[in-house]
Amino acid sequence: MTTSRSIVIGVGGGIAAYKACSIIRRYVEDGHHVRVLPTKSALKFVGAATFEALSGHACSAEVFENVPEVPHVRIGQEADLVVVAPATADLLARAANGQADDLLTATLLTARCPLLFAPAMHTEMWEHPATRANVATLRERGATVVEPASGRLTGADSGPGRLPDPEEVAALGQLLLERPDALPRDLEGVRVLVTAGGTREPLDPVRFLGNRSSGKQGYAVARLAAQRGAKVTLVAGTTAGLADPAAVNVVRAATAQQMGDAVLKLAGQADLVVMAAAVADFRAKAVSSTKIKKTGAEPEPIVLERNDDILASLVAARNRGELPADVAIVGFAAETGDERGDVLFHARRKLASKGCDLLVVNAVTEGNAFEVDENAGWILAADGSERSLAKGSKAAIASRVLDAASALRAQHQVD
Ligand code: CTP
């Protein structure tokens, strides 16, 4: 359960204003106190009654309502987080200029908490030098301006400028509540390759061997890397129906072999590879081209053969000079202790055998790792250093992993 915080949702006047409703609902369901500040134009798209019913509070665009309560000062002062979604080109311009001509922009000046802008506009407007300058100004002042998603815009055109999935915006805001400094632009220009999800090893046209990976942790790494400025490719296996993260190039891979082929091909253009996928160690030796029938009393045994270890193959390719020597390689391990040793004992052995630079370790026995939204564990480094990861959202864990990878790259550059 998350701690209840005070969140202001600013809504700009764009067609994506209706998506703010999902963000409001998500925060209210999480137990937060939500105030909605639409602009006058936003109220042309979604009525005040909708925002008021969803948030449980009156909403207004006007500075001159409830004057005795001095809302233009108080709402900002009391906020723990302000999320502006959608942030239109006009709203970004007014915020960058420090205007205070409605309740939302006045609040943006009085708030001292993290500010998150989720832009949504046509590609031409997003790419216009005026908007680029406004985004740069807001970022320089410490605000987070989210990279928009690419895809279908209003009408028939498509390109960067779509509001990211509301769940993604909500998760980024939640992360800023946990760690206000979690989204620096420190990965600008860094090329990051991430794998996520499970693999499906077919048995016949309708059946497969799979695993419980939801893909949430790897998606969080990809999403955050993109929002920290990196150029991200995500090789995605099977997931729990997750939406593509904004500003991330998503490549699908169903089986371990397909994932291995994609990763080894793409790793040559990467500065950092994060292997968060749960890759099947084995596949069926023979895949039936027709559906296997339950003939006879006893089932036929399934004979397995090994899949290549993608992580170990990456390290081997780097050692042979087929990948740049400074590409940083991060593995993940979900471990349980057993009679031979505890989680860390197995994790240290795995780090040594895989030869990667960092290993992110989750202890499966403590209710972490699979199909849940929180994780905890350790990050082990090849130089023997170890740091623990306090229990937190998968986004918070992802931000720590990227911090460690970023520090490692900086270290490589010094060496
Ligand atoms: N991995 C991989 N290729 C495989 C299996 C695993 O690249 N065929 C990667 C995973 O993406 C992860 C790391 O290796 O980053 C650890 O995965 P895990 O399944 O825990 O390791 P295994 O080597 O399979 O060890 P175990 O014997 O515990 O199953």
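In listed order, ligands and their atoms are each counted from 1.
Not a single N or O atom of Ala276, backbone or side chain, sits closer than 3.5 Å to an N or O atom of ligand 1. Checking only distances, Asn307 never comes within under 3.5 Å of ligand 1, N or O to N or O. At least one N or O atom of Met275, backbone or side chain, sits closer than 3.5 Å to an N or O atom of ligand 1.
Each of Val232, Val360, Leu234, Val330 was checked for a side chain to side chain contact (heavy atoms under 4.5 Å, CB included) with Val274, and the lone residue meeting it is Val330. When each of Thr255, Asp281, Ile302 is tested with Glu201 by the rule side chain to side chain contact (heavy atoms under 4.5 Å, CB included), just one qualifies, namely Thr255.
Scanning all protein heavy atoms for the shortest distance to atom 5 (C) of ligand 1 gives Asp281 OD1, 3.3 Å. Closest to atom 7 (O) of ligand 1 among all protein heavy atoms lies Leu311 N, 2.8 Å. Distance from atom 3 (N) of ligand 1 to its nearest protein heavy atom, with residue and atom name: Ile310 N, 3.0 Å. Taking atom 25 (O) of ligand 1 as the reference point, the nearest protein heavy-atom neighbour is Lys350 NZ, 3.1 Å. Regarding atom 13 (C) of ligand 1, its nearest protein heavy-atom neighbour is Phe332 O, 3.0 Å. Atom 1 (N) of ligand 1 has its closest protein heavy atom at Lys354 NZ, 3.7 Å.
Considering only residues two or more places apart in sequence or on other chains, Asp261 meets the salt bridge (charged side-chain N to carboxylate O under 4.0 Å, His left out) condition with none of them.
At least one side-chain heavy atom of Val250 sits less than 4.5 Å from a side-chain heavy atom of Pro245. A 4.5 Å side-chain heavy-atom check between Phe117 and Asn134 finds every atom pair outside the cut-off. Considering only heavy atoms from C-beta on, Arg25 stays 4.5 Å or farther from Pro166 through its side chain. Two residues are said to be in side-chain contact when any heavy atoms from C-beta on lie closer than 4.5 Å; Cys356 and Leu351 meet this criterion.
Within the set Ala347, Ala277, Ala333, Ala256, the minimum heavy-atom distance to atom 11 (O) of ligand 1 is found for Ala277.
The pair Glu178-Arg5 does not count as a salt bridge, with every side-chain nitrogen at least 4.0 angstrom from each carboxylate oxygen.
Numbered from 1 in the order shown, with element, the atoms of ligand 1 that lie under 4.0 Å from a heavy atom of Ala280 read 8 (N). Contact atoms of ligand 1 toward Asp308: 3 (N), 4 (C), 8 (N) (distance under 4.0 Å to a heavy atom of the residue). Close approach to Gly331 involves these atoms of ligand 1, each under 4.0 Å from a residue heavy atom: 15 (O).
Counting heavy atoms under 4.0 Å from ligand 1, residue Thr195 does not touch it at all. Heavy atoms of His346 found under 4.0 angstrom from ligand 1: none, in either backbone or side chain.
Side-chain contact, His33 with Asp80: no donor N or O sits under 3.5 Å from an acceptor N or O.
Put simply, the side chain of Glu168 gets close to the backbone of Ala246: a donor and an acceptor are under 3.5 Å apart.
Ligand 1 does not have Gly260 within reach: every non-hydrogen atom of the residue lies 4.0 Å or more from it.
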